[in-house]
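Only this structure's heavy atoms are used, side chains among them; waters, hydrogens and symmetry mates stay out.
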Amino acid sequence: MDERIRILSGMRPTGRFHLGNYLGAARNWVDLQSRYDCYYFVADYHALTTEPDGHTVEGKIFDLAADLISVGLDPKRSVIYQQSKVPEVAELSLLLSMVTPLSWVLRTPTFKEMAKKHPDNVNLGLLSYPVLQGADIAIVKGQGVPVGKDQLPHLELIREVVRKFNRTYAPVFPEPRALLTESPLIKGTDGKQRMSKTVGNIVGVTDDPQVIRKQVKSMVTDVKRTYMTQPGHPRTCNVCAFYKFFFDDWQHYWDLCRKAKIGCGQKKELLAERIIETFRPFREVRAELSPEQVSAILESGSEAAREVARQTLAEVRQAVGLPPSRLR
Ligand code: TRP
């Protein structure tokens with residue numbers, strides 16, 4: 001029996017894997033593998049809240065799994081799986097929804113934001129998104145959840161729901177804690193919004209060098225600097241912000257920028273080449289991974305997660321007062 005604390009996290013397969021995903025989450029997931037009993041999954045049910053056609057998500061599931069493996073998630077050390085291959089999650093989400101007051105989900109900030117962003121598709125799934133997320137965690141009895149700050153309201157809600165379940169029926173679940181990923185906000189190429197697939201302001205990680213060059217070239221730089229001969233303002237320049245991640249001697253470049261000894265275009269070129277070089281090993285692993293290998297990893301990970309899920313659901317059904325599950 002593994003005595004380590006069990007943690008779990010998931011990512012939605014909604015587009016190409018990007019710098020925000022890596023620097024803000026996956027890098028940390030990789031590190032945690034040495035200390036925790038890790039469950040990591042591709043949240044394909046969750047993707048359906050904004051992308052109702054599962055067929056368009058299919059290729060992205062594969063891509064995300066392949067990217068996560070390429071950057072260091074290791075199927076020997078972590079259970080890597082696909083959410084919808086563990087259907088027990090959906091049943092647990094239903095059961096948790098019975099102890100979730102409507103007012104709790106209605107006040108979730110992410111729900112309000114999404115409803116504003118997609119006014120034509122405010123579906124019930126979007127509203128119950130955090131409950132499904134709670135089921136993800138509870139089905140494996142996760143104790144820790146590595147997430148970014150934006151997910152804290154969800155975690156708070158999930159803790160309340162879990163507490164309420166335990167109080168109403170039986171103490172089946174541990175109360176999960178957020179393991180905050182200490183990472184500064186990664187802004188996208190627009191220099192304004194958080195890097196995100198939906199905004200379309202991403203810079204890739206395992207993409208072709210040509211793609212990365214183009215993305216970096218499109219970055220908005222120092223708006224107060226029109227000519228190279230003018231001194232730059234690295235503190236407020238998004239390109240300079242990325243130097244902190246990719247150059248140990250970033251201060252040197254910030255200085256050159258302040259003294260107008262390096263232009264924005266040149267800074268972008270250097271940055272693009274550095275990103276490409278840094279992630280070369282990931283790209284190489286990715287190129288070697290066959291679709292069959294990725295499927296096999298997801299398949300056996302999902303089977304392992306299901307084994308745990310079946311046991312949890314059996315306890316849950318008994319606690320609630322339902323007959324044993326007929327899911328096989
Ligand atoms: N909501 C998370 C996000 O948007 C993804 C997610 C789904 C998740 N289920 C989860 C994260 C369970 C942690 C635990 O980033």
Heavy-atom closest pair, residues [X] and [Y]:
X	Y	answer
Val172	Lys141	O-CE, 3.5 Å
Val86	Ser302	CG2-O, 3.9 Å
Arg225	Gly232	CD-CA, 3.6 Å
Thr100	Leu96	OG1-O, 2.8 Å
Val220	Asn238	O-CB, 4.1 Å
Phe247	Leu270	CZ-O, 3.9 Å

Within a strict 4.5 Å, meaning less than it, do heavy atoms of the [X] and [Y] side chains meet?
X	Y	value
Glu91	Val316	no
Val105	Ser128	no
Thr110	Pro153	no
Arg35	Arg4	no
Glu88	Arg306	yes
Val140	Thr312	no
Val145	Arg177	no
Val42	Met11	no

Residue pair Glu288, Gln293: steps toward the side chain to side chain donor-acceptor pair (under 3.5 Å) verdict
CA-CA 10 Å; Glu288 290 292 312; Gln293 276 171 299; over 6 Å; no

Sub-3.5 Å donor-acceptor pair from the side chain of [X] to the main-chain atoms of [Y], do we have one?
X	Y	answer
Arg6	Gln143	no
Asn123	Thr49	yes
Gln215	Gly204	yes
His233	Thr236	no
Trp104	Leu157	no
Asp249	His252	no
Asn21	His18	yes
Gln33	Gly72	yes
Gln230	Tyr227	yes

Is the shortest distance from a Lys or Arg side-chain nitrogen in [X] or [Y] to a carboxylate oxygen in the other one below 4.0 Å?
X	Y	value
Glu273	Arg213	yes
Glu175	Lys164	no
Arg258	Asp255	yes
Glu277	Arg274	no
Arg194	Asp150	yes
Glu299	Lys85	yes

Is a donor from one side chain sitting under 3.5 angstrom from an acceptor on the other, for Arg27 and Thr181?
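No, no side-chain donor-acceptor pair sits under 3.5 Å.
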
Check whether the side chains of Gln133 and His46 place a donor and an acceptor atom closer than 3.5 Å, and report yes or no.
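No pair is found: no donor N or O on one side chain lies under 3.5 Å from an acceptor on the other.
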
Residues Thr14, Glu51; criterion side chain to side chain donor-acceptor pair (under 3.5 Å); working and verdict
CA-CA 8 Å; Thr14 46; Glu51 179 52 73; over 6 Å; no

Below 30° counts as parallel, above 60° as perpendicular, anything between as tilted: where do the rings of Tyr22 and Phe282 land?
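Ring orientation, 0 to 90° scale: perpendicular.
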
Common cluster, [X]/[Y], ILVMFWY with side-chain heavy-atom separation under 4.5 Å:
X	Y	value
Ile80	Val205	yes
Leu68	Ile186	yes
Tyr36	Leu8	no
Trp29	Leu179	yes
Ile7	Val71	yes

[atom1]/[X] to [atom2]/[Y] distance, rounded to the nearest 0.5 angstrom?
X	Y	atom1	atom2	result
Ile262	Lys268	CD1	NZ	12.5 Å
Phe41	Ser9	CZ	OG	7.0 Å
Thr189	Lys217	OG1	NZ	14.5 Å
His154	Ile137	NE2	CD1	10.5 Å
Met219	Asn201	CE	CG	9.5 Å
Gln210	Ile276	CD	CD1	7.5 Å

Working note: Phe246 + Phe279, criterion ring pair (Phe, Tyr, Trp, His ring centres under 6.0 Å); need CA distance, chi angles, decisive distance, verdict.
CA-CA 11 Å; Phe246 290 99; Phe279 296 139; 5.8 Å; yes

side-chain contact (heavy atoms from CB on, under 4.5 Å), that's the test. Do Lys116 and Glu113 meet it? Break it down for me.
CA-CA 5 Å; Lys116 223 190 255 168; Glu113 269 163 42; 5.8 Å; no

Steps toward salt bridge (charged side-chain N to carboxylate O under 4.0 Å, His left out) verdict (Asp63, Arg286):
CA-CA 10 Å; Asp63 273 339; Arg286 179 93 160 61; 2.9 Å; yes

Using salt bridge (charged side-chain N to carboxylate O under 4.0 Å, His left out), reason through Asp74 and Arg77 one step at a time and then give a plain yes or no.
CA-CA 5 Å; Asp74 176 1; Arg77 296 197 287 165; 3.4 Å; yes

If you apply the rule salt bridge (charged side-chain N to carboxylate O under 4.0 Å, His left out), what do you find for Glu156 with Arg107, and how did you get there?
CA-CA 12 Å; Glu156 224 13 80; Arg107 68 173 182 232; over 6 Å; no

Mind running side-chain contact (heavy atoms from CB on, under 4.5 Å) on Ile69 and Ile297 for me, showing each step along the way?
CA-CA 9 Å; Ile69 296 163; Ile297 289 169; 3.7 Å; yes

Could you go through the ring pair (Phe, Tyr, Trp, His ring centres under 6.0 Å) check for Phe111 and Tyr129 one step at a time?
CA-CA 8 Å; Phe111 173 68; Tyr129 184 114; over 10 Å; no

Centroid-to-centroid, Tyr40 to Tyr81, below 6.0 Å?
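No, the ring centres sit 6.0 Å or more apart.
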
Validation row, ring centre Phe242 to ring centre Tyr253 under 6.0 Å:
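Ring centroids of Phe242 and Tyr253 are no less than 6.0 Å from each other.
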
So for atom CG, which belongs to Asp53, do other residues, nucleotides or ligands contribute more than 12 heavy atoms lying within a distance under 6.0 Å?
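Atom CG in Asp53 is crowded, with more than 12 foreign heavy atoms closer than 6.0 Å.
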
